[in-house]
> 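Just passing along the structure, written as structure tokens.
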There are 2 protein chains.
Amino acid sequence: MRLAKQTILRLFQYREFLILAKSIGIKNVYSDTLAEALGSSATQVRKDFSLFGITGNKRAGYQLDDLLSQLNELLGKNEKQKVIIAGAGNLAKALMQYEGFKKEGIEIVALFDNDPVKCDPQNDPPILPIEDLYNFVSEKQVELGVIAVPYYVAQQILDLMIVAGIKGVLNFAPIYLKAPKDFFINDMNLRLELETVAYLIKTRTKAGVHKESS
Amino acid sequence: MRLAKQTILRLFQYREFLILAKSIGIKNVYSDTLAEALGSSATQVRKDFSLFGITGNKRAGYQLDDLLSQLNELLGKNEKQKVIIAGAGNLAKALMQYEGFKKEGIEIVALFDNDPVKCDPQNDPPILPIEDLYNFVSEKQVELGVIAVPYYVAQQILDLMIVAGIKGVLNFAPIYLKAPKDFFINDMNLRLELETVAYLIKTRTKAGVHKESS
DNA sequence: GCTATTTTGTGAATATATTCACATTAAAAA
DNA sequence: TTTTTAATGTGAATATATTCACAAAATAGC
Ligand SMILES: NC(=O)c1ccc[n+]([C@@H]2O[C@H](COP(=O)([O-])OP(=O)(O)OC[C@H]3O[C@@H](n4cnc5c(N)ncnc54)[C@H](O)[C@@H]3O)[C@@H](O)[C@H]2O)c1
Ligand SMILES: NC(=O)c1ccc[n+]([C@@H]2O[C@H](COP(=O)([O-])OP(=O)(O)OC[C@H]3O[C@@H](n4cnc5c(N)ncnc54)[C@H](O)[C@@H]3O)[C@@H](O)[C@H]2O)c1
């Protein structure tokens with residue numbers, strides 16, 4: 001089965017929209033509906049579903065509840081997920097206070113920092129010394145991590161996470177990290193993404209990142 | 001000329017690496033060096049350069065200073081860029097305190113919020129009422145924006161930005177935004193990116209997001 | 001100055017992703 | 001019931017991105 005990261009991301013987006021749609025009482029959707037909502041194409045939507053064996057009803061489209069539960073199952077949203085964050089700085093603070101993760105079953109179980117001043121074991125979630133990372137992660141069997149430390153320590157923190165048992169990370173440090181090939185790294189370089197928009201504006205080229213306005 | 005967002009992103013990454021390399025005294029690089037540093041391939045690097053008319057020296061590779069200044073020119077890094085942020089919440093606070101933007105010539109000139117408690121015109125950068133956005137942006141001719149408001153107001157804030165003269169945004173609100181086709185929207189859905197890693201871990205499929213470890 | 005070697009630059013080949021085109025099917029209408 | 005209509009599902013076609021393969025050029029060694 002294909003595993004293209006972007007396809008998975010789209011499936012999550014479909015799910016996202018369905019949750020919203022459900023909340024306003026919508027009962028069934030068409031590939032068209034989803035395409036419109038995401039700025040994609042109906043064929044793309046059906047192709048994505050087809051790829052994962054998700055099937056609808058000819059002429060009647062997709063029953064929302066049914067589709068949603070298929071996506072939930074497929075995307076593993078029926079199980080909760082624990083995550084730790086390395087680095088308790090500005091970005092980590094924003095993530096910690098963001099209620100969206102918990103709502104989606106992702107629980108930040110701890111943060112780790114090497115600055116004693118930033119540590120606070122009484123906080124919820126606890127902010128612990130980086131030395132505790134190994135034991136915490138291996139004991140609690142956490143598999144998901146976020147890297148929010150400065151770039152010059154990111155590789156060493158990643159290595160620590162790997163030996164502790166972390167299986168994949170979302171990395172905010174602006175540097176290329178090396179890891180075994182079965183380890184997942186999703187790089188988020190916020191500054192570069194902003195610079196890219198700045199560049200695109202300056203050179204005012206035709207095709208946008210988005211589709212045209214409806 | 002091609003404008004693929006991902007190609008541009010890679011050019012910025014090359015530049016990033018060059019700055020780092022320069023700081024440790026490196027004088028010239030090869031497509032190989034860059035590929036290694038970014039987890040890419042030498043051919044990809046040369047293809048990217050070729051696409052933008054960047055040219056090196058056969059056998060001797062690329063002179064670092066020269067390459068860097070070509071990239072700076074190409075990527076518009078010789079001019080400063082002003083940016084505003086809509087929404088002065090947790091994420092905006094992290095962005096505001098991040099010194100990396102200024103270092104790269106991106107100046108956050110103001111934040112805007114509809115919560116009077118969050119506003120603080122004395123702050124540097126000033127946090128202003130959302131009502132001031134239009135005048136501020138059109139007078140100061142700001143073209144770049146960041147959307148850091150809740151999803152349910154994101155479209156209306158974007159519309160406001162567009163009429164004020166903003167030409168492109170980095171959008172953190174987890175929703176698809178509609179805009180004219182010459183307007184650039186770069187969507188950053190942090191939660192979905194984290195959920196995607198969580199999914200990939202669970203299904204432990206072969207090919208990673210990154211290349212194999214060196 | 002000649003030769004061997006290394007690296008670039010790029011057209012062609014391949015791989016990947018998206019869109020097209022349409023047969024198939026289910027529902028609605030007649 | 002039969003026909004019409006509107007949607008899905010998917011192989012084929014196209015578009016896009018990456019890698020291969022190698023000629024051309026510049027340096028280093030002799
Ligand atoms: N804040 C942003 O808006 C932003 C934007 C783009 C990129 N980033 C990147 O995200 C990462 C985090 O950014 P931030 O703004 O939160 O930085 P920050 O400086 O506020 O936080 C970094 C934290 O990491 C901790 N730390 C340093 N070394 C450590 C170590 N060896 N072990 C454990 N903890 C350690 C520090 O004590 C600090 O609390 C950085 O790599 C930064 O470049 C941040
Ligand atoms: N914080 C995170 O880690 C995180 C992670 C993923 C996504 N996001 C997304 O980023 C966006 C911002 O997140 P946040 O955590 O900073 O949220 P937040 O609630 O801390 O901040 C949002 C800010 O927007 C302001 N606001 C609300 N309506 C407004 C309006 N009409 N005009 C101007 N300002 C208005 C609020 O007063 C608040 O200060 C949200 O869409 C969120 O879903 C945030």
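This is a predicted model, so every value here is computed, not measured. We name chains A, B, ... by the order of the sequence lines, and we start the count at 1 in each one.
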> When rounded to the nearest 0.5 angstrom, what is the spacing between CG in Asn72(A) and CD in Glu79(A)?
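Going from CG on Asn72(A) over to CD on Glu79(A), the span is 11.0 Å.
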> Mind calculating the distance between CG (Leu51(B)) and C1' (dT10(C)) to the nearest angstrom?
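Whole-Å distance recorded here is 11 Å.
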> Please confirm whether the shortest side-chain N or O distance from Thr55(B) to OP1 or OP2 of dG9(C) is below 4.0 Å.
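For Thr55(B), the contact criterion (side-chain N or O under 4.0 Å from OP1 or OP2 of dG9(C)) is met.
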> Pull out every residue in residues 13-20 of chain A that has a heavy atom closer than 4.0 Å to any atom of DNA chain D, ordered by number, or say none.
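Close to the strand, none.
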> In whole Å, what is the span from the CG atom of Leu9(A) to the P atom of dT18(C)?
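Leu9(A) atom CG is separated from dT18(C) atom P by 11 Å.
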> Using whole Å, report how far CG of Asn28(A) lies from P of dA26(C).
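Computing the Asn28(A):CG to dA26(C):P distance gives 16 Å.
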> Does Gln6(B) have a side-chain nitrogen or oxygen under 4.0 Å from the phosphate oxygens OP1 or OP2 of dA17(D)?
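Yes, within the criterion.
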> Taking only nitrogen or oxygen atoms into account, show me every contact under 3.5 Å that the protein makes with nucleotides 1-4 of chain C, one pair per line with its distance.
none

> Establish, yes or no, whether a centroid distance under 6.0 Å links the rings of Phe49(B) and Phe52(B).
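Centroid separation for Phe49(B) and Phe52(B): 6.0 Å or greater.
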> Between atom OH in Tyr30(B) and atom P in dT5(C), what is the gap in whole Å?
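So the OH-P distance, Tyr30(B) to dT5(C), works out to 17 Å.
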> In whole Å, I'd like the distance from the CZ atom of Arg46(B) to the C1' atom of dA24(D).
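Going from CZ in Arg46(B) over to C1' in dA24(D) covers 13 Å.
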> Taking the side chain of Ser31(B) as heavy atoms from C-beta outward, which of dT8(C), dT18(C), dA26(C) is closest to it?
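Selected nucleotide (nearest to the side chain): dT8(C).
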> State the OH-CE distance between Tyr134(B) and Met161(B), to the nearest 0.5 angstrom.
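So the OH of Tyr134(B) and the CE of Met161(B) are separated by 14.5 Å.
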> Just to be sure I understand the rule, does Tyr62(B) reach a base, reach only the sugar-phosphate, or reach nothing, if contact means heavy atoms closer than 4.0 Å?
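Sugar-phosphate, backbone atoms only, no base.
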> Nearest-Å distance, CD1 (Ile8(A)) to P (dA17(C))?
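One finds 11 Å between P of dA17(C) and CD1 of Ile8(A), rounded.
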> From the set dA21(C), dA26(C), dT27(D), return the single nucleotide nearest to any side-chain atom of Lys58(A).
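Out of dA21(C), dA26(C), dT27(D), the nucleotide with an atom closest to Lys58(A)'s side chain is dA26(C).
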> Does the cation-pi check pass for Lys202(B) over Tyr199(B), that is, NZ or CZ under 6.0 Å from the six-membered ring centre and within 45° of its axis?
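Relative to the ring axis of Tyr199(B), which defines the angle, Lys202(B) lies outside at least one limit.
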> Nearest of dG9(D), dA27(C), dT19(C) to any side-chain atom of Ser41(A)?
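Within the option list, the nearest is dT19(C).
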> Looking at side-chain heavy atoms only, is the closest gap between Ile85(B) and Phe172(B) below 4.5 Å?
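No - every pair of side-chain heavy atoms lies 4.5 Å or more apart.
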> Nearest 0.5 Å please: distance from the CD1 atom of Ile166(A) over to the CD1 atom of Ile201(B).
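Result: 7.5 Å between the selected atoms.
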> Check the surroundings of atom CD in Gln97(A): do more than 12 heavy atoms from other residues, nucleotides or ligands lie under 6.0 Å from it?
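For Gln97(A), atom CD is crowded (more than 12 foreign heavy atoms under 6.0 Å).
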> When you check the phosphate oxygens OP1 and OP2 of dA27(C), does a side-chain N or O of Asn57(A) lie under 4.0 Å from one of them?
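Indeed, a polar side-chain atom of Asn57(A) lies that close.
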> Can you tell me if Tyr176(B) and Asp187(B) form a side-chain donor-acceptor pair at under 3.5 Å?
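The answer is no; no qualifying pair exists.
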> With heavy atoms under 4.0 Å as the rule, sort Thr43(B) into base, sugar-phosphate or nothing.
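Base: the residue Thr43(B), judged by heavy atoms under 4.0 Å, touches a nucleobase.
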> So, for Phe136(A) and Phe112(A), is the gap between ring centers shorter than 6.0 Å?
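Here the rings of Phe112(A) and Phe136(A) have centres that are less than 6.0 Å from each other.
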> I want to verify a distance call: between dT10(C), dT27(D), dA25(D), whose nearest atom is closest to the Lys47(B) side chain?
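Nearest nucleotide to the side chain: dT10(C).
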> Both Asp32(B) and Ala60(A) contact DNA chain C. Which one's nearest nucleotide lies toward the 5' end?
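Checking each residue's closest nucleotide, the 5'-ward one belongs to Asp32(B).
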> Got Leu158(A) and Ile185(A) here, is their nearest side-chain heavy-atom distance under 4.5 Å?
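Yes, close enough: below the 4.5 Å cut-off.
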> Expressed in angstrom and rounded to an integer, what is the separation of Gln44(B) atom CD from dT7(C) atom P?
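Nearest whole value for this atom pair: 19 Å.
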> Under 4.0 Å between a side-chain N or O of Ser50(B) and OP1 or OP2 of dG9(C)?
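No.
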> Once you round it to whole Å, what is the distance between C1' of dA26(C) and CG of Asp66(A)?
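From Asp66(A) CG to dA26(C) C1': 16 Å.
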